[in-house]
Amino acid sequence: MNKLLKFIFILTLILLITTLNFKLLALNFNFYQKEFSKLDIYEKIPKEIADKETLNLINYLNNKQELTTEFFNEREKLHLQDVKNLIQKTFLIFYIALILFIIMLIYFIYTKNYKIIYSSFLVSTLLLIIILVILSLINFNFLFTQFHLISFSNDYWQLNPETDNLINLFPLQFFQDIIKKIVINIIVTSFIFIIIALVIKFTIKQKVFK
């Protein structure tokens, strides 16, 4: 029973750390503005328009309002609907993982099973770091394409910079930068959990781990 609970706890923690950092950055308007300046997006699209459309898009993806613009054409709007559905599913996974993590953590503390807490923190974060390191060795364009092929059942994501504003507002480099930032944040969060795990190991009485 404990082995099954530990496996579930490890998986939950991996999902929680990943989706948490995605949630914190994916719809972060300040990050978007920094990227627009860095990538010279404001040179192609006036700042007032880019910021207005981006805020509307963020609210739309966050399920707070509908798209209120003709800045995006019908093909782009269809793709954004798919993106919204994917983001909302990711947020749902985050909330489920958070609730499950809290419940299981309370249970392990209540039953004084600190060894599972310690080892699960350590294993899940190390596994996550290893997975991210391996993925970082793979060509980004290949991963980006495969992600879209797996995540979407249509080709609306294949946009043309000559006709589609979405790809001009969010070029490939934007996604590369945001994924790098999310990965860095995940690694930092993982190290925090590793530190917590080590603190648990060296502060709880040694007999707990025998």
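Residue indices begin at 1 and follow the sequence shown. Computed over heavy atoms, backbone and side chain alike; hydrogens, waters and symmetry mates excluded.
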- Minimum side-chain heavy-atom gap F9-F121 below 4.5 Å: yes

- Item | N168 side chain to P161 backbone, donor-acceptor under 3.5 Å | yes

- With sequence neighbours left out, write down each residue that passes side-chain contact (heavy atoms from CB on, under 4.5 Å) with S151, or none if nothing qualifies. L86, F147

- Query: Among all residues two or more places apart in sequence or in another chain, which pass the side-chain hydrogen bond (donor to acceptor under 3.5 Å, both in side chains) test with K84?
  - Reply: N63

- Considering only heavy atoms from C-beta outward, does the side chain of K47 approach that of Q33 to under 4.5 Å? yes

- Message: Test your reading of the model: is there a side-chain donor-acceptor pair from Q88 to the backbone of L61, 3.5 Å cut-off?
- Response: yes

- Do W157 and H79 have their ring centres less than 6.0 Å from each other? no

- Query: Under 3.5 Å, is there a donor-acceptor pair between the side chain of N62 and the main chain of I58?
  - Reply: no

- Query: Y156, L67: one ILVMFWY side-chain cluster at the under-4.5 Å cut-off?
  - Reply: no

- Please confirm whether the backbone N or O of V133 pairs with a side-chain atom of S136, one donor and one acceptor, at under 3.5 Å? yes

- Task: State whether D155 and R75 are salt-bridged, where the test is any N-O pair (Lys NZ or Arg NE/NH1/NH2 against Asp/Glu carboxylate O) under 4.0 Å.
- Result: yes

- Message: Over 60° means perpendicular and under 30° means parallel, so tell me whether F36 and Y32 are parallel, tilted or perpendicular.
- Response: perpendicular

- Task: Using the six-membered ring wherever Trp is involved, compare the ring planes of F193 and F101 and label them parallel, tilted or perpendicular (cut-offs 30° and 60°).
- Result: perpendicular

- Task: Give the C-alpha distance, both sets of side-chain angles, the deciding distance and a yes or no for ring-ring contact (aromatic ring centres under 6.0 Å, His included) between F108 and Y114.
- Result: CA-CA 7 Å; F108 291 136; Y114 302 108; 10.0 Å; no

- Item | side-chain contact (heavy atoms from CB on, under 4.5 Å) partners for N139, two or more places apart | N141, F142

- Message: So does L166 get a backbone contact from the side chain of E76, meaning a donor-acceptor N/O pair under 3.5 Å?
- Response: yes

- Is atom NZ of K77 surrounded by more than 12 heavy atoms (other residues, nucleotides or ligands) closer than 6.0 Å? yes

- Query: Counting distance only, does the side-chain N/O of N28 pair as donor-acceptor with the main-chain N or O of F31 below 3.5 Å?
  - Reply: yes

